[in-house]
Amino acid sequence: MNKSLSSFDWSLVQAFLAVAEEGSLSGAARLNSVSQPTLGRQIKALEDGLGIPLFNRQARGLVLTEEGIALLPAAKIMAEAAAKLATVAAGKGGEIGGTVRITASEFVAQYLLPKVIARIRQLHPELQIELHPTDASDNLLFREADIAVRMYRPTQLEVITKLIGVMELGFFARPDYLDRKGRPDKLEEMLGHDLIGYDASERLIRGAAKFGWQLSRSDFGVRCDQQSVHGELIRAGCGIGILQTRVAEELGLEKVFSTFPMPGLEVWLATHEALRNTPKIRTVWNELETGLKPWLTQDPNAPVMHTRKSPAP
């Protein structure tokens, strides 16, 4: 090994992984919350220390060299080990105070969690909450989040999960839109309305097909893949869309075609098993469970749709 690596700097590997994932210094700098010049110096230091080039500089960013590709699996193993070390250490903490990072879908983060977090801060001002709204799956094993609110059950072995209820869904629209366009109570009547659907995603089209409703992308007059925006589009009067029932009620929207057997979404809490009994994690977990349950149904017979399971819980 090169002598310059005798005192190995783990931050250089973190920089390498970030650039490999993002494909650019600018993107990796945002991911690691460091400046682009600092990240560039870290990559150069690692290349100099190893004595090999890790990236090819191209006009559109950085691409791993053959040497970089060969080192990537070992770097990921190091990241997993470092994350596990940090998780175990965090699990030994005995104080309620500190920071807890919560990850949830953009919809849940926008509509369901703000009141819950306000209550947490009111009851436990010594706690600081970081909320990461994303429809991607932050990895609890890598400590990208401490607690996750998921619409599916995570399956990784070191993750503790709990089903806290089912998110009821339905078709909703503004009352004045329905006054103008009519109130449909059959699938055929729905086709005569302005429908709000997804853009790239085909979830609605596939779901409708299960009920014998053949839809195409062009049947949706407004399309958007961000679920949290759907509520605002419905509230603005763009047409009929699918929304979480309790949220729709708070927004003053009216349910249509209530006899349609709309399946709901299971809502799970998840955390790393090493953190579950840490006072601050246990406190936030309990408050999340208490605060989210009023938004969900506890009916064990409620129909549910099973969304894809992600490898990152």
Side-chain angles (χ1 to χ4, degrees), residues 102-119 131-136 149-151 165-211 213-267 291-292 294-297 302-305 307:
I102 303 168
T103 183
S105 70
E106 294 180 352
F107 177 87
V108 170
Q110 178 174 339
Y111 287 111
L112 275 60
L113 288 184
K115 290 182 179 180
V116 180
I117 292 174
R119 173 181 165 82
L131 177 59
H132 186 210
T134 177
D135 290 329
V149 183
R150 295 282 185 248
M151 303 299 113
V166 174
M167 182 182 292
E168 290 184 359
L169 303 174
F171 293 108
F172 291 91
R174 274 176 63 118
D176 58 350
Y177 165 85
L178 296 173
D179 290 341
R180 186 174 71 255
K181 300 278 289 189
R183 287 168 168 79
D185 58 9
K186 297 179 182 177
L187 285 177
E188 304 78 48
E189 295 174 357
M190 291 279 282
L191 288 174
H193 280 264
D194 300 325
L195 302 179
I196 301 169
Y198 295 120
D199 182 18
S201 171
E202 294 186 348
R203 279 188 297 167
L204 282 180
I205 293 175
R206 292 196 301 267
K210 294 179 180 179
F211 293 93
W213 194 12
Q214 299 303 316
L215 291 175
S216 66
R217 190 170 178 273
S218 61
D219 288 314
F220 299 98
V222 178
R223 298 183 289 270
C224 177
D225 284 330
Q226 190 176 26
Q227 185 61 45
S228 59
V229 177
H230 278 222
E232 300 307 314
L233 291 170
I234 299 170
R235 185 161 66 164
C238 292
I240 297 174
I242 295 175
L243 197 60
Q244 199 265 357
T245 298
R246 306 285 166 82
V247 170
E249 291 171 351
E250 286 216 346
L251 296 178
L253 301 174
E254 183 177 334
K255 191 172 188 177
V256 298
F257 196 11
S258 59
T259 59
F260 186 81
M262 177 74 71
L265 291 171
E266 292 181 338
V267 179
L292 287 173
W295 296 92
L296 311 173
T297 178
V304 297
M305 67 177 80
T307 59

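Count residues from 1 along the sequence. Quick caveat, the model's predicted, so the values are computed rather than measured.
To the nearest 0.5 Å, atom CG of residue D219 and atom CD of residue Q214 are 10.5 Å apart. We find the CG-CG distance between L292 and L113 to be 5.5 Å, quoted to the nearest 0.5 Å. A distance of 7.0 Å separates CD in Q227 from CG in L243, rounded to the nearest 0.5 Å. Between H132 atom NE2 and E106 atom CD the span is 8.5 Å, to the nearest 0.5 Å. Here L296 contributes atom CG and E168 contributes atom CD; the two are 9.0 Å apart, rounded to the nearest 0.5 Å. Interatomic distance, CZ of R183 versus OG of S258, reported as 12.5 Å (0.5 Å rounding).
Of all heavy-atom pairs between M167 and V108, the closest is CE-CG2, 3.9 Å. Of all non-hydrogen atoms in L233 and C224, the two that sit nearest each other are CD1-CB, 4.2 Å. In this structure, G239 and A173 approach most closely via the heavy-atom pair O-CB, 3.7 Å. The heavy-atom pair separating A109 from P114 by the smallest distance is O-CD, 3.2 Å. Annotation for L169 and P263: closest pair CD1-O, 3.7 Å, computed over non-hydrogen atoms.
Aromatic rings of Y177 and H193 (six-membered ring for Trp) have centroids within the 6.0 Å cut-off, being under it.
Remark: E250 engages K115 in a salt bridge, criterion side-chain N to carboxylate O under 4.0 Å. Taking the charged nitrogens against the carboxylate oxygens, R217 and D199 do have a contact shorter than 4.0 Å, which makes a salt bridge.
F172 places none of its side-chain heavy atoms less than 4.5 Å from the side chain of L251. With a 4.5 Å cut-off on side-chain heavy atoms, F220 and I196 do not count as touching. Side-chain atoms of I240 and F257, non-hydrogen and from C-beta on, never get closer than 4.5 Å to each other. When side chains are defined from C-beta on, M262 does not count as touching K255, because their heavy atoms never get closer than 4.5 Å. For the pair F260/L187, a side-chain contact is recorded, criterion being any heavy-atom separation below 4.5 Å from C-beta on. Taking the side chain as every heavy atom from C-beta outward, V267 and R150 never approach each other to under 4.5 Å. Side-chain contact check for L215 versus L204: every heavy-atom pair is 4.5 Å or farther apart.
Remark: the backbone N or O of R235 is paired with a side-chain donor or acceptor of R174 at under 3.5 angstrom. D194 contributes no side-chain N or O that, together with a main-chain N or O of G221, makes up a donor-acceptor pair within less than 3.5 Å. A distance-only check finds a donor-acceptor pair linking the side chain of Q244 to the backbone of W295 [under 3.5 Å]. Looking at E189, its side chain does come within 3.5 Å of a backbone N or O of D185 through a donor-acceptor pair.
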Should Q226 and Q110 be marked as a side-chain contact (heavy atoms from CB on, under 4.5 Å) after you check the CA-CA gap, both sets of side-chain angles, and the distance that decides it?
CA-CA 12 Å; Q226 190 176 26; Q110 178 174 339; over 6 Å; no

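At most 12 heavy atoms of other shown residues, nucleotides or ligands fall within 6.0 angstrom of atom CD in E202.
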